[in-house]
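Here, residue 1 is the first one in the sequence, and each next residue gets the next number. Computed from a predicted structure; not experimentally measured. Each ligand, and each atom within it, is numbered from 1 in the order the structure gives.
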Amino acid sequence: MKKLGVNIDHIATLRNARGEDHPNILFAAKYAYKKGADSITIHLREDRRHIKDYDLKQIVKTKIPLNLELAASKSMVKIALKNKPNYICIVPEKRKEITTEGGLNLKKNTVFLKKIIKIFNSNKIRTSLFIDPNINSINLSKDIGTKCVELHTGKLSTLIKKKLNYSYELEKIKKCAIVGKSLGIEVHAGHGMDYKTTKILSKINEISEFNIGHFLIGESIFNGLGNTIKKFKKLMK
Ligand code: PXP
């Protein structure tokens, strides 16, 4: 059974629109977990546009499995080690991007990534690298020593939404998942996923976890958060 990580960043976006405390992030994390999320994902961005430091502090105090997405910077590593989430996923970050636009440049950052992955591994924090679906990145991820990779599904999701031919992109993801698993890496996937993408990607047995945010939170407006989580989990079976 694949696991579902529910990304609650955009509940924070809604909260921040009024600068008060509703909808409450800690309540959202607890509620999503109670309704079947296997973990909660938050991205503490450098500009703190949605999740804030106190959200992280509050969620790590609970027993909810927490996946913290963060940029590969010294200050973020320091914050992660201080708060000790269960999992971390290192993502590239550009200040002006709307969302995480692509995977990490592993070649350019190998030395630093190796160093921080080693630190997280020795602190018993499960490590993941957010990468584009190509075999080169899988091999480099193995070399860097990460426990998991998360394959960026943004391109596939866009092709599916635009009703364009997505078979080449899907094949790339499939191959990466097979090679990753054969190398002993846990393979996850995420970005831009909706019901249709989830149904298609769920057929890849080698993927063990999805991290889904924007669509799932948006759909909850109409359907309720609990029902939406249930619907995703059903599609993942
Ligand atoms: N996985 C990672 C690593 C991400 O950076 C994001 C976006 O924050 C997601 C998954 C979720 O993407 P979406 O909000 O498009 O579902």
*Asks:* Check this for me: does any side-chain nitrogen of one of K196 and D194 sit under 4.0 Å from a carboxylate oxygen of the other?
*Replies:*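 Salt bridge between K196 and D194, a charged N being under 4.0 Å from a carboxylate O: no.
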*Asks:* Return a yes/no value for G213: is any of its N or O atoms, backbone included, closer than 3.5 angstrom to an N or O of ligand 1?
*Replies:*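 N/O-N/O distance below 3.5 Å exists for this pair.
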*Asks:* Among protein heavy atoms, which sits nearest to atom 11 (C) of ligand 1, and what does the distance come to when rounded to 0.1 Å?
*Replies:*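 Going by distance alone, atom 11 (C) of ligand 1 is nearest to N211 O, 3.9 Å.
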*Asks:* Would you say that more than 12 heavy atoms from the other residues, nucleotides or ligands in this model lie under 6.0 Å from the NZ of K147, or not?
*Replies:*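 Check fails, neighbour count at 12 or below.
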*Asks:* Which atoms of ligand 1 have any heavy atom of H214 under 4.0 Å away?
*Replies:*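 Near H214, meaning under 4.0 Å from one of its heavy atoms, ligand 1 has 13 (P), 14 (O), 16 (O).
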*Asks:* Considering only NZ, NE, NH1 and NH2 on the basic side and carboxylate oxygens on the acidic side, decide whether D38 and K2 come within less than 4.0 Å.
*Replies:*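 Salt bridge: no.
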*Asks:* Using a strict threshold of under 4.0 Å (side-chain N to carboxylate O), is an ion pair present between E219 and K231?
*Replies:*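 Between E219 and K231 there is no salt bridge, as every charged N stays at least 4.0 Å from the carboxylate O atoms.
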*Asks:* Taking only non-hydrogen atoms of F215, do any sit less than 4.0 angstrom from ligand 1?
*Replies:*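 It does not; every heavy atom stays at 4.0 Å or beyond.
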*Asks:* If you count the atoms of ligand 1 from 1 in the order shown, which ones are under 4.0 Å from a heavy atom of V91?
*Replies:*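 Going through ligand 1 atom by atom, the ones under 4.0 Å from V91 are 3 (C).
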*Asks:* Can you tell me which portion of E150 lies within the under-4.0 Å heavy-atom range of ligand 1? Options are side chain, backbone, both, or neither.
*Replies:*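 Within the 4.0 Å criterion, E150 contacts ligand 1 through side-chain atoms alone.
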*Asks:* Going by side-chain contact (heavy atoms from CB on, under 4.5 Å), L156 matches just one of K161, E169, H191. Which one?
*Replies:*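 When K161, E169, H191 are each tested with L156, the side-chain contact (heavy atoms from CB on, under 4.5 Å) holds only for E169.
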*Asks:* Indicate yes or no: does D143 engage K114 in a salt bridge with an N to O separation below 4.0 Å.
*Replies:*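 Looking at D143 and K114, the cut-off is met.
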*Asks:* With side-chain contact (heavy atoms from CB on, under 4.5 Å) as the test, pick out the partner of L106 among N139, T146, L129.
*Replies:*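 Looking at N139, T146, L129, the match for L106 under the side-chain contact (heavy atoms from CB on, under 4.5 Å) is L129.
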*Asks:* Could you list which atoms of ligand 1 come closer than 4.0 Å to a heavy atom of I212?
*Replies:*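 So the atoms of ligand 1 that pass are 16 (O).
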*Asks:* Can you report which non-hydrogen protein atom sits closest to atom 12 (O) of ligand 1, along with the distance?
*Replies:*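 In this structure, atom 12 (O) of ligand 1 has H191 CA, 3.5 Å as its nearest protein heavy atom.
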*Asks:* Find all atoms of ligand 1 within a distance of less than 4.0 Å from any non-hydrogen atom belonging to N7, and give their numbers and elements.
*Replies:*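 Near N7, the atoms of ligand 1 are 8 (O).
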*Asks:* Would you check the N or O atoms of H43, main chain and side chain alike, for any that come under 3.5 Å of an N or O of ligand 1?
*Replies:*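 No, H43 has no N/O under 3.5 Å of an N/O on ligand 1.
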*Asks:* Starting from atom 15 (O) of ligand 1, locate the nearest protein heavy atom and write down its residue, its atom name and how far away it is, to 0.1 Å.
*Replies:*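 Here the nearest protein heavy atom works out to G192 N, 2.8 Å.
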*Asks:* Taking the six-membered ring for Trp and the full ring for Phe, Tyr or His, determine whether the centres of F210 and H188 are under 6.0 Å apart.
*Replies:*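 Not close enough - the centres of the two rings lie 6.0 Å or further apart.
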*Asks:* Does the pair R126/E209 count as a salt bridge with the N-to-O cut at 4.0 Å?
*Replies:*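 Counted as a salt bridge, because a side-chain N and a carboxylate O are separated by less than 4.0 Å.
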*Asks:* Specify side chain, backbone, both or neither for E69, according to which of its non-hydrogen atoms lie closer than 4.0 Å to ligand 1.
*Replies:*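 Answer for E69: side chain.
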*Asks:* Does any N/O atom on H10 come nearer than 3.5 Å to any N/O atom on ligand 1?
*Replies:*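 H10 vs ligand 1: no N/O contact under 3.5 Å.
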